[in-house]
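Below is one structure; the comments refer to it alone.
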Amino acid sequence: MEDNGIRVRYAPSPTGTLHVGGVRTALFNWLFARKNDGVFVLRIEDTDLERSTEESTEQLKSSMRWIHLDWDEGPETNGPHEPYKQTERMPLYREAAQKLVESGAAYYDFATAEELTELRETARREGRTPIYTGGEYRDMDADEALRRVQTGESHTVRFRTPREGSTVFGDMIRGDISFENENIEDFVLMKSTNTPTYNFAAAVDDAQMKISHVIRGDDHISNTPRQILIYKALGYDLPAFAHVPQVLGPDKKKLSKRHGAASVEDFAEQGILPEALFNYLALLGAGYAADEEIFSPGELAERFRIEKVSGNPAVFDETKLLSINALYMRKQSPEELAMLAAPMLAESGVASADELERDMPRLTKIMALLRERLQRTTDIPEAAAYFYGDTLEYDPEEFEKQFGKDFVKENFPELVERLENLSEWNETTTEECIRGLAAEKEKGARHLIHPVRFAATGRTVSAGLFETLELLGRERSISRMEDTVGKMGA
RNA sequence: GGCCCUAUCGUCUAGGGGCCAAGGACAUCGCCCUCUCACGGCGAAAACCCGGGUUCGAAUCCCGGUAGGGUCACCA
């Protein structure tokens, strides 16, 4: 890959499944990288030893792959800035912290957790915003601080935030954002466990991995000035920033499991195709022209412009996702759908694995017929059920509705007989036969079509009747119709 | 509460001073096609948060209010 200096990253912490908000952020990074021939880095932020798990890391990676978000550098693919897991980069953070203490940009703080809580509560009681500025430690003699550290006294490393001035940065989708330094406390860089805090690790990694554009969720806006302060103190050039808005549920609250599906895995389970989720998420707030909506990842990348991303939070609309999913279902080839369907049909007991394997061409034709009517992959077993098995269950009430009419009672048995004697069984011959009889009796064909559908499929809705009959086959169709004739007599 | 972000149809959005009596998509409601469903076609209803400015002219620029969201940890 040619190096043009454009490098972005998605840096999740492996503390759960990949959330839609997260995928969308990853997606924007990916689109930006692809659009600009840049490098997309995946970095695992597992400094929270309590909550990070190996299992989550694996899940994260498989979810990313499922939705076609391939990373150029990161776990497994590796790259020039390995390792890509923060727990394996500890020496780097310690070294950076050391540097900052030596240069005076940071200092050792010996305040205990209890003291800090106390300070915060006092401030709150007095109506002040709790901003910790180091107390006695900020200006403690450096040699003495070092001595106390060497005796093993518990301490953190804090950033010596300037008390005046402001920290400003240009956000690619929001313009300039500025924070008064007096509102930023002396935040912790290294915890007493000698491990870095998020802000410190992220800034150090972004700088060292030469990330040129930091594209992330807007819940990180308030972290940005701190990271900028760290960048500057360490002597690095600043990256560009873009903060993308959150994804909200229908109630305008941050999307979560409460809203049903929230993780990539949930959507996969609910029959959403990865291409559809990808497409929908990319459209959500990305500011693409509104006249078209179905794009491949490549097309999406081609048209992606980070400045066009909307700054306001987007409500996740499951209905629209479904409609896009239905569009993608129709775009799948019957062969692809058949491959997808076979295991589902076997698992749901609609057909035996044996039978399916023996007759994939038939399954393919079935899928071609059903394709337009499917919204999710999970609709397949239910939709295809009547193409398999021999006898059907008929809803008594509906049965009465279909076969209770005199015309049907009088003519249906004859129709079955004629169908049975057809020299050839296909879409055309069955149609001619059924319409022919209706015409003879001077009745609309629908008076026969509906009962036949009900008899052959057990339902009142199906794909076109004649193509359905052809695919059902003569034997299965006739035997089901004869069943109903028998039931009519009873 | 402090700080920060955001504000066009129900939802996602187009719009970046006159081309907007605001366009598209999904959803909704009609009609057409038709063997049912789906697809498709046609049509309807539906929005610039409020108040001040700036300007000959504002959905578009500025300010204030309001509302929603984010964030205030030795979590990320």
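These numbers were taken from a predicted model, which means no experiment stands behind them. Proteins come first, then strands; the chains are lettered A, B, ... in the order of their sequence lines, and each starts at number 1.
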Donor + acceptor pair across side chains of A:N223, A:Y198 (<3.5 Å): no
Comparing A:R158 with A:V315, nearest RNA chain B nucleotide closer to 5' gives the residue A:V315
Take nucleotides 31-37 of chain B nucleotide by nucleotide from the 5' end and write B, S or -, depending on whether a protein heavy atom sits under 4.0 Å from the base, only from the sugar-phosphate, or from neither. ----BBB
Kindly check if the number of other-residue, nucleotide or ligand heavy atoms within 6.0 Å of CD (A:E336) is above 12? yes
What's A:R459 touching, base or sugar-phosphate or nothing? Going by heavy atoms closer than 4.0 Å. nothing
Cation-pi geometry met for A:R148 and A:F110 (6.0 Å, 45°): yes
Does a nitrogen or oxygen in the side chain of A:N312 sit under 4.0 Å from OP1 or OP2 of B:U8? yes
What about A:D46: does its side chain form a donor-acceptor pair under 3.5 Å with the base of B:A76? no
Whether over 12 other heavy atoms sit under 6.0 Å from A:R305 CZ: no
Please determine if a side-chain N or O atom of A:R120 lies less than 4.0 Å away from the OP1 or OP2 oxygen of B:C74. yes
Hey, does A:T117 reach any base, or is it just sugar-phosphate, or nothing, if we go heavy atoms under 4.0 Å? nothing
Just list the side-chain donor-acceptor pairs under 3.5 Å for residues 323-331 of chain A, sequence neighbours left out, or say none.
| residue | atom | partner | partner atom | Å |
| --- | --- | --- | --- | --- |
| A:S323 | OG | A:K320 | O | 3.4 |
| A:Y328 | OH | A:N279 | OD1 | 2.5 |
| A:Y328 | OH | A:F295 | O | 2.9 |

Between B:U28 and A:K320, is there an OP1 or OP2 to side-chain N/O distance shorter than 4.0 Å? no
Roughly how far, to the nearest 0.5 Å, is the CD atom of A:Q227 from the CZ atom of A:F241? 6.5 Å
Can A:K443 be said to sit on top of A:F407's aromatic six-ring, NZ or CZ under 6.0 Å from centre and within 45° of the ring axis? yes
Would the base of B:C74 count as contacting A:T193 through its side chain, where contact means a donor and an acceptor less than 3.5 Å apart? no
In whole angstrom, what separates A:L284's CG from B:C26's P? 16 Å
Considering heavy-atom distances to RNA chain B, does A:G311 or A:R330 have its closest nucleotide positioned more toward the 5' end? A:G311
Using the 3.5 Å cut-off, write out each protein N or O paired with an N or O of nucleotides 60-70 of chain B and the distance between them.
| residue | atom | partner | partner atom | Å |
| --- | --- | --- | --- | --- |
| B:G69 | OP1 | A:K253 | NZ | 2.4 |

Heavy atoms under 4.0 Å, any strand shown: does A:A123 hit a base, just sugar-phosphate, or nothing? nothing
Hey, are A:E54 and A:K85 close enough for a salt bridge, meaning a charged N less than 4.0 Å from a carboxylate O? yes
